[in-house]
2 protein chains.
Amino acid sequence: MQADAWTPPPVLLTVDLVILTLRQSRLCVLLVERGEDPFNGMRALPGGFLNNDREEIVDAARRELHEETGLNVDRVHLEQLAIYGSVDRDPRGRVVSVAHLAIVPDLPEPVAGTDAKAAAWVPAETVLAGEIDMAFDHLQIVTDGIERARSHLEFTALATAFCSEPFTIAELQQVYEAVWGTPLDTRNFYRKVRATTGFVVPDTAGARSTGGRPARLYRAGPNTTLLPPLTRPHATTPDAETTREEPT
Amino acid sequence: MQADAWTPPPVLLTVDLVILTLRQSRLCVLLVERGEDPFNGMRALPGGFLNNDREEIVDAARRELHEETGLNVDRVHLEQLAIYGSVDRDPRGRVVSVAHLAIVPDLPEPVAGTDAKAAAWVPAETVLAGEIDMAFDHLQIVTDGIERARSHLEFTALATAFCSEPFTIAELQQVYEAVWGTPLDTRNFYRKVRATTGFVVPDTAGARSTGGRPARLYRAGPNTTLLPPLTRPHATTPDAETTREEPT
DNA sequence: CAAATAGTGTCTTTGAGACACTATTGA
DNA sequence: TCAATAGTGTCTCAAAGACACTATTTG
């Protein structure tokens with residue numbers, strides 16, 4: 001160890017948000033267009049620096065989330081994702097980003113950004129395919145965030161965070177299908193969800209009709225962990241056959 | 001956003017390490033004794049500040065790991081755990097810690113610390129029971145790290161990181177039993193491990209005897225993810241304890 | 001030989017997926 | 001009435017756990 005004159009190097013801390021939602025049964029992520037260098041004009045995740053050195057990281061994330069979505073932030077799912085702190089990720093200097101994953105229900109069409117910069121929902125598929133020019137290492141962050149969501153759907157009640165309450169089982173299934181990108185059997189899904197204790201609870205209200213028999217309504221249940229888990233179809237063998245049911 | 005005179009507040013970045021190993025079939029964590037304020041004399045995780053603003057975070061973690069264990073760091077498991085950045089966690093100011101999880105095989109008795117501060121392996125059980133006075137929020141970090149390890153044993157080949165190669169299936173089982181704290185059926189475990197593709201591969205060497213029939217030897221296989229997973233016995237009691245506390 | 005540990009076979013239970021079937025609405 | 005969606009019953013298959021059994025070593 002060296003003399004006590006040495007002091008550790010300071011860094012700048014930002015929060016970045018992977019905000020996911022379902023729009024028309026497609027998984028979408030909220031991206032803004034950068035209005036300044038570096039990466040001027042490219043797409044980026046919503047985020048920004050800490051306001052001051054007394055601001056909690058999670059509060060900074062909540063603040064950004066509220067600014068971008070206009071939502072009452074207390075009710076949305078927000079969790080820490082990972083930290084991205086590579087030396088060269090930001091040309092301005094040593095900027096370390098604390099990435100967060102946020103899940104919100106479908107919002108009224110315009111993103112109620114109080115901010116001037118253009119914000120837009122972009123299909124996850126488009127982003128993951130690399131079709132969007134992303135600033136910094138934000139493509140990596142989005143990729144990690146989506147994978148986190150996919151995994152959490154298996155073991156936690158995260159899917160309910162995508163739904164406006166009350167919701168139907170069919171709506172919940174659409175979440176799974178959109179996030180995982182796989183079709184699921186309606187009937188097995190229905191039984192599975194109802195058999196998982198504390199996942200959903202019946203809503204007092206009646207039913208909702210969409211051209212067929214009205215569906216019962218539910219709300220998120222008390223449990224956050226799914227026992228047993230709702231396992232996604234892992235590609236064990238390249239048996240990618242979608243065995244379709246015979247039309248009757 | 002405000003005028004361009006405003007600059008974001010800098011923070012100090014540390015890396016902290018939850019280093020786990022098995023000693024006499026017990027899960028242990030490496031703790032050091034602090035030799036200075038704050039928290040002088042209390043136990044803490046190994047860790048420290050970035051050396052300079054060109055040092056990658058993972059390199060700082062590797063450096064600390066090497067200093068504390070003397071191991072060739074290239075071969076040990078090291079992953080980012082979470083970030084802990086609560087405003088009041090360090091009385092010296094705004095210090096944000098990037099916690100890491102490291103898994104090492106059982107080491108020769110003395111911890112080859114090049115550092116003066118006393119380092120010791122402490123049973124995980126003792127720490128989790130709150131019997132150790134821990135500095136900062138390090139008890140929380142250890143708790144999160146152990147839970148991460150428990151979870152990763154199910155879905156990844158992390159258990160092999162606890163073993164010196166070559167190892168026997170029985171040794172691998174001891175890892176699971178120690179980390180999960182549950183006894184497992186030897187025979188079912190044996191079949192399960194061997195049925196999981198790419199988990200372990202037979203070693204060319206012969207066998208190892210411990211008073212009975214000698215056991216075959218294995219090495220870590222090519223796969224890091226376990227398909228199918230090796231599920232731990234979940235307590236079938238519904239939730240109640242799932243207060244997922246976010247890292248601050 | 002017995003004691004000890006390694007490794008196999010096989011039964012039972014459970015849960016996931018496939019899919020026929022019934023129920024309840026709107027057009 | 002039919003088309004459409006909600007919800008139930010039941011079969012089959014595969015994986016997990018229980019556990020009797022065989023195999024190979026040391027003392």
* Could E154(A) and K192(A) be called an ion pair, given the rule that one side-chain N must be under 4.0 Å from one carboxylate O? -> no

* Between T126(B) and E131(B): side-chain donor-acceptor atoms closer than 3.5 Å -> no

* Asked: Rounded to the Å, how far apart are Y190(A) OH and dC21(C) P?
  -> 21 Å

* Side-chain donor/acceptor of R187(B) to base of dT10(C), under 3.5 Å -> no

* To do: Using whole Å, report how far CG of L230(B) lies from P of dA16(D).
  => 8 Å

* Scan side-chain atoms only and decide if S97(B) and D16(B) contain a donor-acceptor pair under the 3.5 Å cut-off. => yes

* Asked: How close or far is atom C1' of dC2(D) from atom CZ of R213(A), stated in whole angstroms?
  -> 17 Å

* Any luck finding a side-chain donor-acceptor pair between N72(B) and R75(B) under 3.5 Å? -> no

* **L227(A) CG to dA16(D) C1', straight-line distance once rounded to whole Å** => 15 Å

* **Closest to the S209(B) side chain, choosing from dT8(C), dA18(D), dT25(D)** => dT25(D)

* Answer with yes or no whether N188(A) presents, from its side chain, a donor or acceptor under 3.5 Å of a partner atom in the base of dA18(C). => yes

* Length of the line joining D185(B):CG and dC11(C):C1', which is rounded to integer Å -> 14 Å

* **Residue R191(A), side-chain atoms from C-beta onward, closest of dG17(C), dA6(C), dA6(D)** => dG17(C)

* Structure fact -> Note: for T231(A) and L217(B) on DNA chain C, the residue whose nearest nucleotide lies more 5' is L217(B)

* Structure fact -> F189(A) CZ to dG9(D) P, in whole Å, measures 19 Å

* Remember a base hit wins even if backbone is also touched, and classify A170(A) as base, sugar-phosphate or nothing at under 4.0 Å, heavy atoms. => sugar-phosphate

* 5′-ward residue of the pair R232(B)/G212(B) relative to DNA chain D -> R232(B)

* To the nearest Å, how far apart are R208(B) CZ and dA6(C) C1'? -> 14 Å

* If only side-chain N and O atoms of K192(A) are considered, is one of them under 4.0 Å from the OP1 or OP2 phosphate oxygen of dA16(C)? -> yes

* Basic-acidic side-chain contact under 4.0 Å: R208(A), E171(A) -> yes

* Determine the contact category for A207(A): base if any of its heavy atoms lies under 4.0 Å from a base atom, sugar-phosphate if only primed atoms, P, OP1 or OP2 are that close, otherwise nothing. => nothing

* Asked: Between dT8(C), dT25(C), dA6(C), which nucleotide has the shortest distance from any of its atoms to the side chain of R194(B)?
  -> dT8(C)

* Just how far, in rounded Å, is C1' of dT24(D) from CZ of R216(B)? -> 11 Å

